[in-house]
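As structure tokens, the structure follows; a few thoughts come after it.
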Amino acid sequence: MSAIRYELIKKCKQTGARLGRVYTPHGYFDTPAFMPVGTQATVKGMSPDELKSIEAGIILSNTYHLHIRPGEDIIKEAGGLHKFMNWDRPILTDSGGFQVFSLGDFRKIEEEGVTFKSHVDGSKKFLSPESAIKIQNKLGADIIMAFDECIPYPAEFHYVKKSVERTTRWAKRCIKAHENPETQALFGIVQGGMYKELRRQSAYELLELDFPGYAIGGLSVGEPAEEMYEMLECTVPLLPEDKPRYLMGVGSPDYLVEGAIRGIDMFDCVLPTRIGRNGTVLTSRGRMIIRDALYARDQSPIDPDCDCYACKNFTRSYIRHLIKAKEVLGIRLTTWHNLRFLLNLMKNVREAIKEDRLLDFRNEFFKNFGYN
Ligand SMILES: Nc1nc2cc3nc(NCCc4ccc(CCO)cc4)[nH]c3cc2c(=O)[nH]1
Ligand SMILES: [Zn+2]
């Protein structure tokens with residue numbers, strides 16, 4: 001009996017998209033879903049109640065960060081991540097397979113695991129399939145990720161092949177180390193760089209291990225959009241129709257829509273929170289740099305079509321002032337809006353799947369947003 005159950009509600013007649021629902025020990029969330037990123041047990045600037053008010057169904061946290069600070073034992077003593085951060089809905093934790101390389105001052109990768117230096121205090125750290133799973137068992141997220149190597153871009157065929165085979169061996173070690181498969185669903189992560197035959201090899205090897213869900217990793221690492229889409233088109237059809245597919249680290253509005261069209265059910269990305277803190281907001285007419293002098297006297301909302309707290313109560317002029325003055329409310333409002341924008345985008349994608357008009361929705365959205 002797995003910790004989660006995926007319900008396939010409807011397949012879109014125009015595309016490979018699916019409308020679904022993932023049931024977890026902390027309730028269900030609808031798919032295709034965008035997961036706000038709460039790296040250090042908080043979605044920066046948003047309280048749990050505020051996240052519920054914008055209808056966030058599931059949030060993501062990071063093993064790498066929480067292991068370094070405050071440490072998984074402190075979170076376990078609090079009763080786990082849900083209690084520690086007072087979020088009683090689904091949580092997914094990434095395994096550290098990406099953060100070690102992108103954040104830590106990474107030292108060495110061997111069969112046993114990865115040695116690196118903490119980005120906080122430079123102390124020497126080690127993560128392995130066993131320790132990454134043990135940490136996630138203590139954190140208690142509903143969905144946990146296998147410990148993998150997120151292969152940098154670009155990479156040689158031979159290196160990618162060796163890495164894929166090690167990631168598969170690591171996946172087997174993760175399954176063996178996992179203590180609570182009935183309450184925490186462990187997802188495998190398909191790698192393979194930008195090589196179709198290695199994507200297929202990775203997928204087949206992980207399919208044999210019968211995970212309750214599959215992530216597609218090693219993308220959104222600087223490759224051109226076309227390459228990402230090609231890797232999705234060759235990988236997604238190999239994955240079971242009755243299990244969730246999660247595209248890691250994606251992404252911007254166009255990637256979310258194009259990913260859903262290609263059969264992806266779950267997405268996560270720091271983009272809305274990261275650019276929000278830099279004073280850039282997403283609107284149905286494209287990105288807006290609200291700190292720009294252009295908006296100094298603009299008394300209209302960020303996005304007239306948006307129903308969020310920021311757009312209902314404040315103007316571009318005021319929010320620009322807050323950002324320029326480095327007032328905390330400024331980045332709270334831009335974050336609040338950007339998250340609601342992406343959560344509404346996924347709600348519109350789900351509606352479009354229901355009515356078999358996702359391609360029409362995509363064309364209309366891309367035209368308004370300013371994509372080609
Ligand atoms: N375990 C694991 N985790 C991953 C996380 C990822 N996250 C990404 N991309 C995120 C890239 C990304 C980073 C920052 C911003 C905001 C600034 O524009 C947007 C995208 N790719 C990823 C790949 C993997 C992966 O293979 N394995
Ligand atoms: Zn808004």
Ignoring hydrogens and angles, tell me if any N or O in the side chain of R350 forms a donor-acceptor pair with the backbone of G20 under 3.5 Å.
no
Sorted by chain and number, sequence neighbours left out, ring pair (Phe, Tyr, Trp, His ring centres under 6.0 Å) with F267 holds for none
Look only at the side chain of N363 and the backbone of L359, and say whether a donor-acceptor pair between them is shorter than 3.5 Å.
yes
When you measure from the side chain of R18 to the backbone N and O of K10, does any donor-acceptor pair fall under 3.5 Å?
no
Would a distance-only check, ignoring hydrogens and angles, find a side-chain to backbone donor-acceptor pair under 3.5 Å from T24 to I4?
no
Which heavy atom of T183 sits nearest to which heavy atom of A3, and what is that distance?
C-CB, 3.3 Å
Would you find a donor on one side and an acceptor on the other, under 3.5 Å apart, between the side chain of T235 and the backbone of M231?
yes
Quick one: do the N62 and Q40 side chains pair a donor with an acceptor below 3.5 Å?
no
If we ignore angles and hydrogens, is there a donor and acceptor under 3.5 Å between the side chains of Q14 and R357?
no
List the steps, then state whether side-chain hydrogen bond (donor to acceptor under 3.5 Å, both in side chains) holds for E205 with Q201.
CA-CA 6 Å; E205 290 176 354; Q201 177 182 340; 2.9 Å; yes
Hey, are E111 and R166 close enough for a salt bridge, meaning a charged N less than 4.0 Å from a carboxylate O?
no
For the pair T334 (side chain) and G276 (backbone), establish whether a donor and an acceptor sit closer than 3.5 Å, ignoring hydrogens and angles.
yes
Could you walk me through whether M248 and L219 pass side chain to side chain contact (heavy atoms under 4.5 Å, CB included), step by step?
CA-CA 7 Å; M248 305 188 85; L219 295 176; over 6 Å; no
Between the side chains of S47 and D49, does any donor sit under 3.5 Å from an acceptor?
no
With a 4.5 Å cut-off on side-chain heavy atoms, are M346 and L256 touching?
yes
Could you verify whether a donor N or O on one side chain and an acceptor N or O on the other, from T167 and E149, lie under 3.5 Å apart?
no
Filter on salt bridge (Lys or Arg N to Asp or Glu O under 4.0 Å), then keep only pairs touching residues 208-237, sequence neighbours left out; what's left?
K196-E230, D210-K243, E233-R262
Apply salt bridge (Lys or Arg N to Asp or Glu O under 4.0 Å) to E72 and list each qualifying residue two or more places apart in sequence or on a separate chain.
none
pair L345-F361: side-chain heavy atoms closer than 4.5 Å
yes
Contact between I135 and L66 at the side-chain level, heavy atoms closer than 4.5 Å - yes or no?
no
Side chains of I264 and E258: does their closest heavy-atom pair fall under 4.5 Å?
no
Side chains of D298 and S300: donor-acceptor distance under 3.5 Å anywhere?
yes
State plainly whether the residues R340 and D307 are in salt-bridge range, i.e. N to O under 4.0 Å.
yes
Spell out, as yes or no, whether a donor-acceptor pair under 3.5 Å connects the side chain of R245 to the backbone of G263.
yes
By salt bridge (Lys or Arg N to Asp or Glu O under 4.0 Å), K161 pairs with (sequence neighbours left out) E165
Quick one: do the S118 and D121 side chains pair a donor with an acceptor below 3.5 Å?
yes
State whether K83 and D88 are salt-bridged, where the test is any N-O pair (Lys NZ or Arg NE/NH1/NH2 against Asp/Glu carboxylate O) under 4.0 Å.
no
Across all chains, not counting sequence neighbours, the ring pair (Phe, Tyr, Trp, His ring centres under 6.0 Å) partners of Y28 are Y23
I59 side chain near W87 side chain, heavy-atom distance below 4.5 Å
yes
Mind checking whether D148 and Q191 have side chains closer than 4.5 Å, heavy atoms only?
yes
Just by distance, no angles: are the side chains of Y246 and D268 close enough, under 3.5 Å, to form a donor-acceptor pair?
yes
Give a yes or no on whether E156 atom CD has more than 12 heavy-atom contacts from other residues, nucleotides or ligands under 6.0 Å away.
no
Ignoring hydrogens and angles, state whether a donor on the side chain of Y309 or H337 is under 3.5 Å from an acceptor on the partner side chain.
no
Will you find, in the side chains of D303 and S284, an N or O donor that is under 3.5 Å from an N or O acceptor?
yes
Derivation and outcome, side-chain hydrogen bond (donor to acceptor under 3.5 Å, both in side chains), residues Q136 and T93:
CA-CA 7 Å; Q136 292 181 90; T93 44; 3.0 Å; yes
Spell out, as yes or no, whether a donor-acceptor pair under 3.5 Å connects the side chain of T63 to the backbone of D94.
yes
Please determine if K11 and E241 form a salt bridge, counting it only when a charged side-chain N lies under 4.0 Å from a carboxylate O.
yes
If you define the side chain from C-beta out and look only at heavy atoms, does anything of R332 sit under 4.5 Å from E50?
yes
Check step by step if side chain to side chain contact (heavy atoms under 4.5 Å, CB included) holds for R277 and K44.
CA-CA 9 Å; R277 290 196 300 280; K44 291 180 171 53; 3.4 Å; yes
ILVMFWY cluster, V349 and I58 together (side-chain gap under 4.5 Å)
no
Just so I know, are the side chains of F157 and V160 near enough to count as touching, which here means a heavy-atom distance under 4.5 Å?
no
Checking E197 against R200 for the salt bridge (Lys or Arg N to Asp or Glu O under 4.0 Å) test, could you report, in this order, the C-alpha distance in whole Å, the side-chain angles of both residues, the deciding distance, and whether it holds?
CA-CA 5 Å; E197 85 175 69; R200 282 192 284 271; over 6 Å; no
Ring pair (Phe, Tyr, Trp, His ring centres under 6.0 Å) partners of residues 167-190, not counting sequence neighbours, each pair once
F147-W170
Should the pair R362 and F366 be classed as cation-pi, given the thresholds of under 6.0 Å to the six-membered ring centre and 45° from the axis?
yes
Report yes or no: do H26 and D142 form a side-chain donor-acceptor pair below 3.5 Å?
yes
State, to 0.1 Å, how close A171 and L206 come at their nearest heavy-atom pair, and which atoms those are.
CB-CD2, 3.7 Å
Test item: R316 side-chain N/O and P301 main-chain N/O as donor-acceptor pair under 3.5 Å:
yes
To the nearest 0.5 Å, atom OH of Y295 lies from atom OG of S317 at 13.0 Å
Hey, does the side chain of S102 reach the backbone of F98 with a donor-acceptor pair shorter than 3.5 angstrom?
yes
